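We use all heavy atoms of the structure for the numbers below, so side chains are in, but hydrogens, waters and symmetry mates are not. Only a predicted model underlies this, so the values are computations on that prediction, with no experimental measurement involved. Residue numbers begin at 1 in each chain, while the letters A, B, ... track the order of the sequences.
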Amino acid sequence: MSRIERRFQALRASGRKALIPYVTAGDPHPDVTVRLMHDLVDAGADILELGVPFSDPIGDGPVIQLACERALKHGVGLRDVLRMVQTFREADQETPVVLMGYMNPIEVMGHAAFAAAAQEAGVDGVLTVDMPPEEMDDLSQQLADAGLDPIFLVAPTTGDARMRLICEHARGFIYYVSLKGVTGSATLDVDAVSARVDHLHAVTGVPVGVGFGIGTPEQAARMSRVADAVVVGSALVRQIEARAEEPEAAVRAVTEMLRSMREAMDAVQAQSA
Amino acid sequence: MSNSEAIKFDQFPNAEGHFGPYGGRFVPETLIAALDELTEAYHRYRNDPDFLAEFDRDCTDFVGRPSPIYLAERWTRKVGGAEIYLKREDLNHTGAHKVNNTIGQALLATRMGKQRVIAETGAGQHGVATATIAARLGLKCVVYMGADDIQRQAPNVYRMRLLGAEVVPVTSGTRTLKDALNEAMRDWVTNVDDTFYIIGTVAGPHPYPMMVRDFQSIIGRESRRQMLERTGELPDALVACVGGGSNAIGLFHPFLDDESVSLYGVEAGGHGIETGEHAAPLCAGKPGVLHGNRTYLMEDANGQIVGTHSISAGLDYPGVGPEHSWLKDIRRANYVSVTDDEALAAFHELTRTEGIIPALESAHALAYASKLAAELGPGKRILVNLSGRGDKDINTVATLEGIEL
C-alpha cells in the first residue's frame with residue numbers, strides 16, 4: 001500500500017478529510033522550503049503538494065506563475081526539488097508528498113531516471129499538468145515500476161467515457177478541477193462540484209480531491225463536505241507573494257492560513273460526526 | 001532520402017496527432033474536450049464542398065490569391081548561380097502568409113458557433129491577420145501580445161485596434177511570443193465554451209499542427225502548379241524561413257513526395273549559433289514538450305525554456321512545429337540557420353536589386369537561398385517563399401542603422 005493510500009485510510013478511520021496545501025518549491029527562497037513543508041504538516045496538512053517550477057506554466061494563473069518566476073530566479077530545478085523532498089524525508093517518513101508540475105523538466109531528465117530519483121528521494125505521487133493519460137504510456141510504466149502514484153486531473157469539461165479512462169489510470173487520488181479556468185480563479189460553484197464528485201465516487205474507489213479556486217477557510221470547509229480532500233494553492237501562495245522579500249514572515253503567514261482552513265474543516269466534520 | 005521512400009506523408013499525423021515521436025496533445029485536462037470538439041469539426045469540414053468553396057472564395061476575393069511566382073532576374077544574375085523564384089506571399093492582403101490560416105480557422109469558428117476568437121502574436125502579423133478576419137466576420141477578437149513586443153511593434157498594435165481587436169499586454173516570463181501563447185491558452189481554459197483559439201503556426205496541441213498546415217498548403221499547391229506551368233519542371237530546391245514553421249510547411253507539404261525537390265528550412269541564427277543567442281531549436285535544440293506538443297526546443301539543463309534572440313520578431317520562438325522535427329529526423333528536409341547580419345544584408349539586397357522590401361523573417365530564407373544558388377550553380381531552380389513584406393520592419397531596420405524616422 002502506498003503512503004498516499006495509507007494516509008487516506010487513516011483519515012477515513014478517524015472521520016476526517018484530507019487537507020492538501022500546494023506551495024512552489026523554492027518560493028520565496030529555496031532555503032525555507034523544507035521548513036515550510038514541516039510547518040505545513042504541523043498546521044494540519046495531510047499530504048503536501050510541491051510545485052516544480054517551470055518557465056511556462058500554462059495551467060496556472062498569475063499567482064503561481066509568479067511563484068515559479070521567484071523560484072526560477074534562484075535557479076531551482078527538478079533535481080533541487082527532489083533534494084528538498086529527500087531532506088524533508090529525513091525528519092518525516094509519514095506525510096505523502098506529491099510533485100505537481102509540467103512535462104518538460106521530466107522529459108529532459110528522462111522518464112526512467114526521474115521515476116527512480118523521485119522514488120529514491122521519497123516522493124509518493126506525480127501530477128503532470130500537461131500530461132493526459134493518452135500520452136502517458138512510457139512515463140506511466142516508469143512511475144508504476146518505481147511505486148509512484150500518477151495523479152490525474154478531471155475537469156468540468158471531461159466527458160463520461162474519458163472520466164472512466166482517467167479513473168482506470170489514477171492511483172493515490174483523483175484531482176477534480178473545480179472550475180473551468182487556471183489555478184487561483186475566482187468563481188466556485190459548490191453545488192456543481194458536489195454533483196461531479198458524487199459521480200466520480202460512483203465510478204471509482206480512488207479518493208477524490210477538489211482544487212482550483214478554493215481561497216477561504218469557509219470554502220475549504222464546504223468542499224470538505226463533498227470531497228475526500230481539499231487542495232489549496234493560490235490562496236497560500238498569495239501569502240508568500242505579499243512577503244516575498246521576508247521568507248520568515250511568508251512561512252508564518254502561509255502556515256497560519258492553512259491552520260485556519262484546518263480548523264474550519266475539522267469544525268464541519270465535528271458537526272457531522 | 002532513402003529513409004523517406006516508403007513514407008506516405010499525407011497519412012501524418014496519425015489519429016492522436018503524432019508525427020513519429022513528435023506532436024501529440026500535452027495540455028491541461030480542461031482543454032481536452034475542446035480539442036476533441038475542434039478535431040471533430042475540422043474532420044467534418046475539411047472535405048466539405050461548401051466550406052472549401054467559401055475558403056477558396058475568400059482566398060481569391062479577399063486575399064488576392066493565387067499569389068504569383070516571380071523570377072528574380074537581376075538578383076539571380078548578381079548571385080550568379082541557380083535561378084531564384086519568389087513565391088509572393090508578401091502580396092497577400094495584410095502582407096503575409098498568415099491570413100491563409102486565419103481565414104480557415106475563423107470560418108471553422110463560425111461553423112462551430114463560436115462568437116469570440118483569441119490569438120497570440122509576436123511581431124503582430126498573425127494578430128493583424130486574425131483581427132482582420134474577425135472584423136470581416138463580425139467576431140469578438142482578443143489578441144495576446146508580449147509587453148516587450150507591444151513596444152517593438154507599435155504600428156501593428158494600432159492596426160489591430162483599428163480593426164476592433166482588444167490587444168492584451170502579457171507581462172509574465174520573457175514578455176514575448178511564448179508568453180503570449182501561454183496567456184492565450186489560459187484564456188482558452190477559462191472561456192472554453194464560447195471561444196475559438198486561432199493559433200498562428202503549425203505548433204500547439206493536435207489538431208493545430210495538421211489544421212494550420214492544411215490551410216497553409218495552398219502556398220505549396222499553387223507553387224507546384226505555377227512552377228510546372230512556367231518552367232515545365234519542378235524546382236530543384238525550396239527555401240523557407242522557420243519560426244513556428246507555418247509558411248515553410250505550407251510550401252513544403254505538397255512537395256514531400258517529390259524526392260527530386262530538396263527542402264531547406266532556415267532558422268534564425270541571431271548573433272550566431274555558437275553565442276547561444278538565437279532562435280534555432282532544430283539546429284541547436286533538443287526534443288521536449290512545450291505548448292501542447294513534443295518537438296525540438298531551446299531549453300536549459302533543467303528543462304526550463306530559455307529566451308531566444310532574433311532580429312525578426314516573427315522567428316523569435318523557442319519551439320517549432322512538430323512536423324518539422326519529424327522531417328528533420330527522417331532527413332526529408334534540411335534545417336539550417338542564418339544570422340541577423342546575413343538576413344539584414346539579404347533584406348537590403350532584395351530591396352535594391354528587385355524593388356521588393358521583404359519581411360525580416362523572409363530575409364532569412366533569401367539569405368540562405370543566395371548561398372544555395374551559388375552552390376547549385378546555373379541550370380538549377382530555387383523557389384523561395386517570400387512569406388511577408390517588410391513594411392512592418394522599416395522602423396527596426398532604421399533604428400539599427402541609427403536613423404530615427
Side-chain angles (χ1 to χ4, degrees), chain A residues 52-62 65-66 68-69 71-72 75-81 101-110 114 128-136 138 152-159 161-163 166 175-177 179-187 212, chain B residues 15-18 21 23-37 170-174 178-195 204-206 285-295 297-307 318-319:
Chain A
V52 180
F54 183 51
S55 53
D56 295 81
I58 55 173
D60 285 297
Q65 281 173 59
L66 288 171
C68 284
E69 288 182 18
L72 289 173
V76 176
L78 181 52
R79 285 173 199 280
D80 303 299
V81 178
Y102 292 81
M103 197 53 210
N104 203 47
I106 295 175
E107 235 4 54
V108 166
M109 197 179 215
F114 164 71
T128 315
V129 177
D130 55 352
M131 181 57 126
E134 292 89 337
E135 298 284 357
M136 207 173 172
D138 182 57
F152 286 102
L153 300 172
V154 169
T157 53
T158 305
R162 193 179 159 74
M163 190 183 89
I166 294 172
Y175 188 140
Y176 181 68
V177 176
L179 46 79
K180 290 174 196 165
V182 291
T183 52
S185 303
T187 48
F212 281 40
Chain B
E16 288 78 42
H18 293 127
R25 261 186 195 177
F26 295 86
V27 293
E29 177 60 26
T30 308
L31 288 181
I32 295 284
L35 291 169
D36 281 342
E37 183 193 3
V170 176
T171 55
S172 57
T174 60
K178 81 173 175 70
D179 308 286
L181 217 150
N182 293 340
E183 208 55 40
M185 287 260 189
R186 291 179 187 120
D187 179 311
W188 200 28
V189 171
T190 308
N191 301 294
V192 63
D193 293 331
D194 72 340
T195 295
H206 179 64
K286 284 191 312 185
V289 173
L290 178 70
H291 293 153
N293 65 108
R294 184 177 277 124
T295 192
L297 297 176
M298 291 181 52
E299 60 192 1
D300 68 13
N302 283 325
Q304 310 298 343
I305 307 306
V306 299

**Asked** To the nearest 0.5 Å, what is the distance between CD (A/E134) and NE2 (B/H18)?
**Response** 9.5 Å
**Prompt:** With chain B, which of A/G61, A/P53, A/P62 has the greatest number of heavy-atom pairs at distances under 4.5 Å?
**Reply:** A/P53
**Item:** Gap separating the CZ atom of B/F26 from the CD1 atom of A/I58, nearest 0.5 angstrom
**Value:** 11.5 Å
**Request:** Give the minimum heavy-atom separation between B/R186 and A/D60, together with the two atoms involved.
**Result:** NE-O, 2.7 Å
**Prompt:** Is a side-chain donor or acceptor of B/T30 paired with a backbone partner of A/K180 at a separation under 3.5 angstrom?
**Reply:** no
**Asked** Non-hydrogen atoms of chain A under 4.5 Å away: do they reach the side chain of B/L181, the backbone, both or neither?
**Response** neither
**Request:** Let me know if A/L72 has heavy atoms under 4.5 Å from chain B in its side chain, its backbone, both or neither.
**Result:** side chain
**Asked** Is it the side chain or the backbone of B/A301 that comes within 4.5 Å of chain A heavy atoms, both, or neither?
**Response** backbone
**Request:** Walk me through it: do B/T190 and A/L179 pass the test side chain to side chain contact (heavy atoms under 4.5 Å, CB included)?
**Result:** CA-CA 8 Å; B/T190 308; A/L179 46 79; over 6 Å; no
**A/G59 to B/P28 - nearest heavy-atom pair and separation** = CA-CG, 3.9 Å
**Message:** Looking only at the side chains, is there a donor atom on one of B/E29 and A/T158 sitting less than 3.5 Å from an acceptor on the other?
**Reply:** yes
**Asked** What pair of heavy atoms forms the shortest contact from B/G303 to A/V108, and how long is it?
**Response** CA-CG2, 3.5 Å
**Prompt:** Between A/S55 and B/Q304, is there a donor-acceptor pair closer than 3.5 Å when you use the side chain of the first and the backbone of the second?
**Reply:** no
**Request:** Heavy-atom distances under 4.5 Å only: say whether A/I166 touches chain B with side chain, backbone, both or neither.
**Result:** side chain
**Asked** Which residue out of A/Q65, A/E69, A/M103 racks up the most heavy-atom pairs below 4.5 Å with chain B?
**Response** A/Q65
**Asked** Between B/R294 and A/E107, is the closest basic N to carboxylate O distance under 4.0 Å?
**Response** yes
**Asked** Does any heavy atom of chain A fall under 4.5 Å from the side chain of B/L290, the backbone, both, or neither of them?
**Response** side chain
**Request:** Could you grab the distance from atom CG of B/D300 to atom CG of A/N104, nearest 0.5 Å is fine?
**Result:** 9.0 Å
**Request:** Answer with side chain, backbone, both or neither: which region of B/D193 has an atom nearer than 4.5 Å to a non-hydrogen atom of chain A?
**Result:** side chain
**Item:** Part of A/P57 within contact of chain B (heavy atom distance under 4.5 Å)
**Value:** both
**Item:** Rounded distance [0.5 Å steps], CD in A/E135 versus NE2 in B/H206
**Value:** 10.0 Å
